[in-house]
Every structure is written in C-alpha cells, then in structure tokens.
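Side chains are part of it too, since the values below use all heavy atoms of this structure and drop only hydrogens, waters and symmetry mates. Quick caveat: nothing in here was measured; it's all calculated off a predicted structure.
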Amino acid sequence: MDTKLLIVEDELLIAETLSRKLKKLGYTVVDIVSSGELAIQRAIETEPDLILMDIVIEGDMDGIETAAIIHENQNIPIIYTTAYADDDTLERAENTGSYGYILKPFKERELHACIKIALNQHQQSLKMQQSLAEAKANSANKSRYISMTSHDLRTPLTTIQLSTEILQNNNHPTHSGEEFQQKSFDRIKRAVNNMSQMLDDVLMLNKAESGQLPFFPDRLNVVEFCESILEELQPIAAGKHCLRLQIHGQSSPGYLDKKLLRHILMNLLSNAIKYSPKGGDVILDVTWEPRQLVFRVEDEGIGIPEDFQSQLFHQFQRASNVGNIKGTGLGLTIVKHSVDVHGGKIRVESSLDQGTIFIVTLPNLMPPQKSTAESFGNL
C-alpha cells in the first residue's frame, strides 16, 4: 500500500526538491500547496497518510494554525518543517500534537526516519483508540480515565520528541550554546515527570476503585516527613510562593501509611501552589490531638466556587474558575481514597479569590500489640 504525503510549502523550489526526495524514497506525493487554506481543502479531498507542514507559509494562517484546524477535523499525523526553531515556535508546535519537527535543508535519511517514526506512532495511537473503544464497551468509567490520561500524555510525549530532535540538530546556528541545551533538557525532564505522575495517578485510582489499595501503616516521624515534602516541592514554587510548616501540640511519632500520606500531602500542596498563580503563602499545619492528627493545607489562591464544592472529590471534575491551569481532575479523588483507607475525614473551606483550606483528620493508629508469647520470645 502506497503512503500518500501532502506537502505544504510556499517555496516552490524547496517543495519540488522535497517531492523528488520523497518519491525516490518510495512515497506518493498527492499534492504540493502553498497556503493554509489550500492545505485544509486538499487534506479533506486527498486524505493523505501524513502531512509535511512548513511553519511559515502564504496566507492569513501559518503552518501551526493550519495544523491545529486539520487536527480538529481529521486524524492525520503532521510533521513540521522549518529553517529555524525558537522557543516560542517550539511551544506553539507542542500544543498542536504534531509527530515531529524537521529542520531545513532536508537530509534523506533523517527525513525518511522521521516519517517512518511518525507513521508508526500514528498506528500505535489508532490501536490505542481502538483498545479504548473496546474498554468503553466493558467499563465506561475506566475507559473514561484511560482516554483522558492517554490524551494528556500526548503533550509531554510531543515535548520529549521535539526537544530531542532539536538537540540532535544542535549544530544549527540558532541551537548553539549551553543555555539552549539546558532549556531543552529541562523541558524533557518536566515532561517525563508529568507523564510519571499521570501514570501513577491512574494506577492508584484503579487499585482504589477495585478495593485493592494497599494499606501498611507504620511508625513515622511526621515532622521530618512533612519537612521533606515541602523541600521536594520548593522547585515548583518558583520563588513566588512561601512554603511554611507549622506544628501545634506535642509532636510524637505517628503510625500512618507513608505512601498514602505522601499522596495526600503532595496532591494538596501541589494544588495549593498551582491554583495560587499570583503566589503567596502556602502553609502546611500539623496538629496533634488525642488519638488523631490534623493536617491543614492553606493557600491564598483563586478559591473554589461554593456550588462546586460538593463535587470536589469526584473524578474528572474541575471547577469553572480554573481557566488554563492544567489538571486531570484525578488528584483529589486519590486524596479522598487515601484518607478513607486511613479511616479519616477530609473537608474544605474556601471562597472565590480568598484562598482555600483543606483539613484532613487521620486517626493516629497504634502499632499492633505483640502477643504474650511473642514478648517472652524476644527476651
């Protein structure tokens, strides 16, 4: 079966050279167009297997805007082509779900490899969509969060791919320098961390809903644990937020599930930072009470609408005032499951633009008592 390609390029000489190379590699070029409007029209008419899209083209739309429209209406993989790539262009390209990025002038081997990778990724994406459709027939709820997560994974995957390809072309004049390389490495690292967190969330939610969420309480230095959590979150505070730990009561070791407590505090604190875009104090307050511990996470952020608070712990639910702040709507569902497994309670106090306080109360469980025989055996 021939692989049909559509070329979108406003430099005729470049387009014809590219077409000859593609035909030599065994591809069928269905057409060459020079504007976004024509690209959209010919994509509908010819249904190509892949589009090579120049970013700077004729007409009112550039290649990135054109790709976004095609992506909305047709499931066609798109590879961008350009003579240079600055950070702003790269960021815009990432958000359209492209399958690659090739710098001019084209080398046949790199061109062929990029096309094959893109087509393979597209086939894998189609298989995933088919699997999701089958999963939906068996379990609508599971299919929903798998679908959402696979969609959210596309952005960091694209970020990793594009950043890697830019690094591979670091001999280009605009790509030299340690600062540019470090930005690319940082972008890849953030994307990997985002993917890891999303996968952890999905796996944990699946265990919780099937009643298989493990619960292993053990002796824990709560103060040191909370200090380590805040230290870990310092990089994402980005200098705009002041992370503070407040201790009340006579601190003593707790007997809690360390992994579940980590999910609770990391989700609540990272949300406090994320939903306080103007910065401010983010406070983790820990109070020892008779036979229980109370954790309060307080921020000075956008707040939660009162009419939404009853839906707060339902999966995939996000408040109407979050705007462009990214999120999957799974974090607080996981927090609620983790609190429930402890036999604890969680509630929220919040007003729009006045900040939010989450109050988590967990029983300070006692270690299981050793039997008399075990005690004598240890003497």
Side chains of [X] and [Y] in contact at under 4.5 Å (non-hydrogen atoms):
X: R42; Y: E45; result: yes
X: L284; Y: I229; result: no
X: D285; Y: H248; result: yes
X: L332; Y: F358; result: yes
X: V282; Y: L230; result: no
X: I273; Y: L243; result: yes
X: H241; Y: L233; result: no
X: Y99; Y: L50; result: no

**Request:** Dump the intermediate steps for side-chain contact (heavy atoms from CB on, under 4.5 Å) on N271 and T356, then the final yes or no.
**Result:** CA-CA 10 Å; N271 278 355; T356 299; over 6 Å; no
Would [X] end up clustered with [Y] when hydrophobic side chains under 4.5 Å apart are linked, directly or stepwise?
X: I334; Y: F215; result: yes
X: I359; Y: V339; result: no
X: L352; Y: F308; result: no
X: I357; Y: F295; result: no
X: V360; Y: V294; result: no

**Asked** Should the pair K104-E11 be classified as a salt bridge under the 4.0 Å nitrogen-to-oxygen rule?
**Response** no
**Message:** Between K258 and D218, does any side-chain N to carboxylate O distance fall below 4.0 Å?
**Reply:** no
Other residues, nucleotides, ligands: >12 heavy atoms within 6.0 Å of [X] [atom1]:
X: D60; atom1: CG; answer: no
X: E231; atom1: CD; answer: no
X: E289; atom1: CD; answer: yes
X: K240; atom1: NZ; answer: yes

**Request:** Begin from the C-alpha positions of N73 and I40 and carry the test side-chain contact (heavy atoms from CB on, under 4.5 Å) through to its verdict.
**Result:** CA-CA 9 Å; N73 297 289; I40 294 168; 5.9 Å; no
From [X] atom [atom1] to [Y] atom [atom2], the distance as rounded to the nearest 0.5 Å:
X: R296; Y: I283; atom1: CZ; atom2: CD1; value: 9.0 Å
X: I76; Y: L5; atom1: CD1; atom2: CG; value: 11.5 Å
X: L111; Y: K24; atom1: CG; atom2: NZ; value: 12.0 Å
X: S350; Y: D299; atom1: OG; atom2: CG; value: 7.5 Å
X: Q41; Y: S35; atom1: CD; atom2: OG; value: 9.0 Å
X: L119; Y: D49; atom1: CG; atom2: CG; value: 6.5 Å

Donor-acceptor contact present, side-chain [X] to main-chain [Y], <3.5 Å:
X: E9; Y: I14; value: no
X: E65; Y: D62; value: yes
X: D2; Y: K4; value: no
X: T17; Y: L13; value: yes
X: Q309; Y: I304; value: yes
X: D353; Y: G303; value: no

Where do [X] and [Y] come nearest, in terms of heavy atoms and distance?
X: G63; Y: Y80; result: O-CE2, 3.9 Å
X: D257; Y: P214; result: OD2-O, 3.9 Å
X: A15; Y: I7; result: O-CD1, 4.0 Å
X: I79; Y: C114; result: CD1-O, 3.7 Å
X: H263; Y: S338; result: CB-OG, 4.1 Å
X: E300; Y: G280; result: OE1-CA, 3.4 Å

**Message:** Apply side-chain contact (heavy atoms from CB on, under 4.5 Å) to residues R347 and T361 and explain how you reach the verdict.
**Reply:** CA-CA 9 Å; R347 60 187 178 91; T361 303; over 6 Å; no
**Prompt:** Out of H342, H337, K336, which one pairs with D340 under the side-chain hydrogen bond (donor to acceptor under 3.5 Å, both in side chains) rule?
**Reply:**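 Of all the options given, the one that passes is K336.
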**Request:** Verify the distance criterion only: is there a donor paired with an acceptor across the side chains of S34 and E58 at less than 3.5 Å?
**Result:** yes
**Request:** Take L256 and F225 through the test side-chain contact (heavy atoms from CB on, under 4.5 Å) and record every step on the way to the result.
**Result:** CA-CA 11 Å; L256 305 164; F225 183 77; over 6 Å; no
